[in-house]
Amino acid sequence: MKIATYNVNGINARLPRLLEWLDEQKPDIVCLQELKADGERIPEKAMAEAGYGAVWHGQKGFNGVAILAREAEPREFGRGLPGDPEDEQSRYIEAEIGDVIVASIYLPNGNPQPGPKFDYKLQWMERLLARAEELFALERPVVLAGDYNVIPTDEDTHSVDAMKNDALTQPESRAAFRRLAAMGWTDAIRARFPSGKIWTYWDYQAGAWQRDAGFRIDHLMLSPVAADRLCAAGVDKEYRGREKASDHTPVWIELAEA
DNA sequence: ATGGCGCCTCCGAGGCGA
């Protein structure tokens, strides 16, 4: 079972790229982020025609997440991250597909820091950790996949110096991310590739793609039962170089059947 | 230091991202 995460940066602007990737790579489960669409603007029909059932948590203009399942209907397991009824940003959805529980995560960027956006990021991470505790306790295969907006270590960016004041590298952001690992969640890419520079995002600006100046911020975190089934992982890097690409590229894992 | 690029909304330009 192939499970992928892809920050599309506008699902309508990215529709040809998304359909092409689904057709070429045939992922079984896909976590999408940054739909930047809601209601009628969600291309539900195009996804169905491509053979994917879906659960959506859209938002007009910004944010928006979804989970797709190939030749299946995902069962919604949760919508919105618990812990703040005032939070109206669409950044989190969960679904069950077969015996696997998947969450699609669009963690707040948090820039500029310090400031209210950074505070929101850290509070959101606390809520994510609380939800992760609950999912962990189920002792089931669970995959928390998405755009975490955290560069976990200095090895995960092309330039430590350029990012030293960025919300993505701050000690508080990294400490909260590390608590997932401390709880028992496995960073799938690092489990398969313990060292080396692996990017999942390249800025549109300043020739970042051409210079291969990226970061690793899209992660798939696996519960112990899921980690036991991990048999492959990778980054579909070439899609970042295609016409009208997102600034992120898909990241995927392969889990053995139960 | 700033803006660079691209997407969004709803019409010329500003907000937002990372």
Side-chain angles (χ1 to χ4, degrees), chain A residues 5-19 21 31-43 46 56-66 87-92 104-122 124-125 128 145-174 176-177 189 197-219 235 237 239-251:
Chain A
T5 180
Y6 188 11
N7 179 324
V8 290
N9 187 21
I11 193 169
N12 289 300
R14 210 65 55 220
L15 202 52
R17 274 293 81 75
L18 176 59
L19 290 169
W21 172 72
C31 297
L32 298 176
Q33 300 88 34
E34 279 207 88
L35 306 178
K36 298 187 177 181
D38 197 11
E40 296 295 309
R41 298 279 296 153
I42 289 178
W56 305 94
H57 191 203
Q59 185 174 338
K60 187 179 180 181
F62 304 103
N63 304 320
V65 288
D87 186 359
E88 294 183 346
Q89 300 192 35
S90 299
R91 295 179 173 275
Y92 187 86
S104 181
I105 293 168
Y106 180 42
L107 206 146
N109 172 298
N111 280 307
Q113 76 77 33
K117 291 190 175 182
F118 191 58
D119 296 341
Y120 173 64
K121 176 185 191 130
L122 296 180
W124 204 95
M125 292 186 85
L128 177 62
D147 176 0
Y148 279 72
N149 272 318
V150 175
I151 294 171
T153 73
D154 284 352
E155 198 177 16
D156 297 307
T157 173
H158 73 279
S159 171
V160 172
D161 198 49
M163 299 304 288
K164 68 174 185 295
N165 294 319
D166 196 284
L168 279 59
T169 64
Q170 293 313 295
E172 299 93 326
S173 310
R174 287 178 167 177
F177 183 77
I189 289 288
K197 296 182 181 301
I198 299 167
W199 313 146
T200 67
Y201 167 92
W202 296 257
D203 202 303
Y204 285 123
Q205 305 178 67
W209 169 248
Q210 288 74 13
R211 294 186 292 120
D212 197 27
F215 342 122
R216 191 174 74 92
I217 53 175
D218 300 272
H219 309 301
V235 177
K237 184 172 177 177
Y239 290 84
R240 180 61 183 83
R242 296 196 186 183
E243 284 298 309
K244 295 271 288 175
S246 171
D247 42 6
H248 296 249
T249 205
V251 184

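The model shown is predicted, which means the values in this text are computed figures rather than measured ones. So that the names make sense, note that chain A is the first sequence line, chain B the second, and so on, each numbered from 1.
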_Distance-only polar pair, side chains of A:Tyr92 and A:Asp87, donor-acceptor under 3.5 Å_ = no
*How many Å lie between CZ on A:Arg41 and P on B:dC7, as a whole number?*
13 Å
*asked:* Taking B:dG15 as the reference, what is the distance to B:dA1 when you measure between their P atoms (whole Å, please)?
replied: 22 Å
*If you round to the nearest 0.5 Å, how far is CD1 of A:Ile151 from CG of A:Asp166?*
6.5 Å
_Can you measure A:Trp199 atom CH2 to B:dA18 atom C1' for me and round it to whole angstrom units?_
14 Å
*So, is the end of the A:Arg174 side chain (NZ or CZ) under 6.0 Å from the ring centre of A:Phe177 and within 45° of the ring's axis?*
no
*Mind calculating the distance between CZ (A:Phe118) and P (B:dA18) to the nearest angstrom?*
15 Å
_Among residues at least two apart in sequence or on other chains, which ones pass salt bridge (charged side-chain N to carboxylate O under 4.0 Å, His left out) with A:Asp147?_
none
_If you assign A:Asn7 and A:Leu35 each to the DNA chain B nucleotide with the nearest heavy atom, which residue ends up on the more 5' nucleotide?_
A:Leu35
*Rounded to whole angstroms, how far apart are NE2 on A:His158 and P on B:dA18?*
16 Å
*asked:* Measure NZ/A:Lys164 against C1'/B:dA18 and give the value in whole Å, please.
replied: 16 Å
*Qualifying residue, where the test is side-chain contact (heavy atoms from CB on, under 4.5 Å) with A:Trp21 and the options are A:Pro250, A:Ser246, A:Pro16*: A:Pro250
*Between the side chains of A:Lys121 and A:Asn109, is a donor N or O closer than 3.5 angstrom to an acceptor N or O?*
no
*Using the C1' atom in both, what is the distance from B:dG17 to B:dC11, to the nearest Å?*
22 Å
*By nearest nucleotide on DNA chain B, pick out whichever of A:Lys60 and A:Met163 is the more 5' one.*
A:Lys60
*Euclidean distance, atom CG of residue A:Asp38 to atom P of B:dC10 [Å, nearest integer]*: 13 Å
_Protein-nucleotide distance (A:Gln33, atom CD; B:dA18, atom P), rounded to Å_ = 10 Å
*Name all residues meeting the side chain to side chain donor-acceptor pair (under 3.5 Å) criterion together with A:Asp212; count only those two or more places apart in sequence or in a different chain, and write none if there are none.*
A:Trp202, A:Lys237
*Take the protein atom CH2 of A:Trp202 and the nucleotide atom P of B:dG6, then report the distance between them rounded to whole Å.*
16 Å
Check: protein-nucleotides 12-17 of chain B nitrogen or oxygen pairs below 3.5 Å:
residue : atom : partner  : partner atom : Å
B:dG17  : OP2  : A:Lys117 : NZ           : 3.4

*When rounded to the nearest Å, what value does the distance between P atoms of B:dG12 and B:dT2 take?*
29 Å
